[in-house]
S.K.: 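After the structure tokens below, expect a handful of questions from me.
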Amino acid sequence: MVTQDDLKRRVAQSALRFVLPGRVLGVGTGSTVDLFIDALAAAKLDVKQAVSSSGRSTAKLAAIGIEVLDLNDVESLPVYVDGADEIDAGFHMIKGGGAALTREKIIAAVAQSFVCIADASKRVEVLGRFPLPVEVVPMARSHVARELAKLGGRPVWREGVLTDNGNLILDVHGLAITDPVATESRINQIVGVVTNGLFAARGADVLLLGGADGVRELRR
Ligand code: 5RP
């Protein structure tokens, strides 16, 4: 039987063809990205430098001898490879299951091409079954939770989790996100929100979707 981990491994492997030799590579966060970094190490491609969206990925990259640069020192980033918690037909995503959404969104904004690597379970018709992560400045947690409830969601504090930026995560349950661009913008306007896990205004450009019958490459 093909497991979800097998599918993640296959998409991770197939993302290697998007890596440009000699160029800085953008690397996201999560279990699929962990497998991508493993594949990168095994393939011995000409990748010497990367930018990373989390301490977790930075440590893994450093362990295989890839220098992790400060994004401020990078003028252009041709490719960013990252996973997703959900992705719809318009290539809008929910991300942030690994609490790295803010750094992921910043790197995605800089990258010319966002290559999303996901197993088939991540492809959905309507975003929102996966609780939407929202990064919040600690003193604003209750205020932001009240405002999110007014939008129809049920925010749950991810207790014990601090982001790499020293902030908190609220996971918003019960949203059916039919207009991801508007919802992303609306939630970002709540005072105290750093950003939310909707990647809609800037979605993915390429989706590598791993299913039982292989990896499909889809373009927006
Ligand atoms: C981390 C993320 C991840 O890309 C997302 O959670 C998918 O993770 P996984 O590859 O473990 O399923 O957004 O903040």
Side-chain angles (χ1 to χ4, degrees), residues 2-16 18 25-40 50-61 71 79-88 91-111 113-124 127-136 156 158 160-173 175 177 180 184 187-188 193-211 215:
V2 183
T3 66
Q4 190 181 23
D5 278 352
D6 293 331
L7 301 183
K8 289 183 178 189
R9 200 166 291 108
R10 286 180 195 169
V11 289
Q13 182 72 30
S14 78
L16 291 177
F18 289 89
L25 176 65
V27 179
T29 298
S31 58
T32 318
V33 166
D34 283 348
L35 294 167
F36 171 67
I37 297 172
D38 292 344
L40 205 53
V51 291
S52 152
S53 68
S54 64
R56 166 178 170 175
S57 291
T58 296
K60 258 188 97 69
L61 288 163
L71 185 64
V79 176
Y80 176 49
V81 178
D82 199 357
D85 298 302
E86 287 186 346
I87 182 162
D88 71 9
F91 286 31
H92 311 117
M93 295 170 281
I94 286 183
K95 292 183 47 52
L101 61 160
T102 299
R103 293 183 184 203
E104 290 170 347
K105 203 175 269 198
I106 294 167
I107 297 177
V110 173
S113 180
F114 187 132
V115 178
C116 177
I117 49 177
D119 65 85
S121 71
K122 307 290 184 64
R123 177 68 178 77
V124 299
L127 298 171
R129 186 191 291 264
F130 189 92
L132 176 66
V134 179
E135 181 163 350
V136 177
V156 176
R158 206 184 293 179
V161 171
L162 259 195
T163 70
D164 285 346
N165 312 308
N167 295 313
L168 307 178
I169 297 286
L170 294 173
D171 292 306
V172 190
H173 296 246
L175 293 176
I177 303 169
E184 178 180 16
I187 293 177
N188 281 345
V193 167
V194 179
T195 197
N196 71 83
L198 275 169
F199 285 54
R202 201 280 183 257
D205 300 298
V206 178
L207 169 60
L208 299 176
L209 195 63
V215 176

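In each ligand, atom 1 is the first atom listed, and ligand 1 is the first ligand listed. Fair warning: this is a prediction, and the values are worked out from it, not measured in the lab. No hydrogens, no waters, no symmetry mates; every other heavy atom, side chains included, goes into these values.
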S.K.: Identify, with sequence neighbours excluded, every residue that meets salt bridge (Lys or Arg N to Asp or Glu O under 4.0 Å) alongside Arg9.
M.R.: Asp6
S.K.: Could you list the residues that satisfy salt bridge (Lys or Arg N to Asp or Glu O under 4.0 Å) with Asp34, not counting sequence neighbours?
M.R.: Arg56
S.K.: With sequence neighbours excluded, what pairs up with Gln13 under the side chain to side chain donor-acceptor pair (under 3.5 Å) test?
M.R.: none
S.K.: Less than 4.0 Å between a side-chain N and a carboxylate O, is that true for Glu184 and Lys105?
M.R.: yes
S.K.: For ligand 1, what are the residues with a heavy-atom contact below 4.0 Å?
M.R.: Lys8, Thr29, Gly30, Ser31, Thr32, Asp82, Gly83, Ala84, Asp85, Lys95, Gly96, Gly97, Gly98, Ala99, Ala100, Glu104, Lys122
S.K.: Is the shortest side-chain N to carboxylate O distance from Lys60 to Asp38 below 4.0 Å?
M.R.: yes
S.K.: Do Ser57 and Ser52 have a side chain donor and acceptor closer than 3.5 Å?
M.R.: no
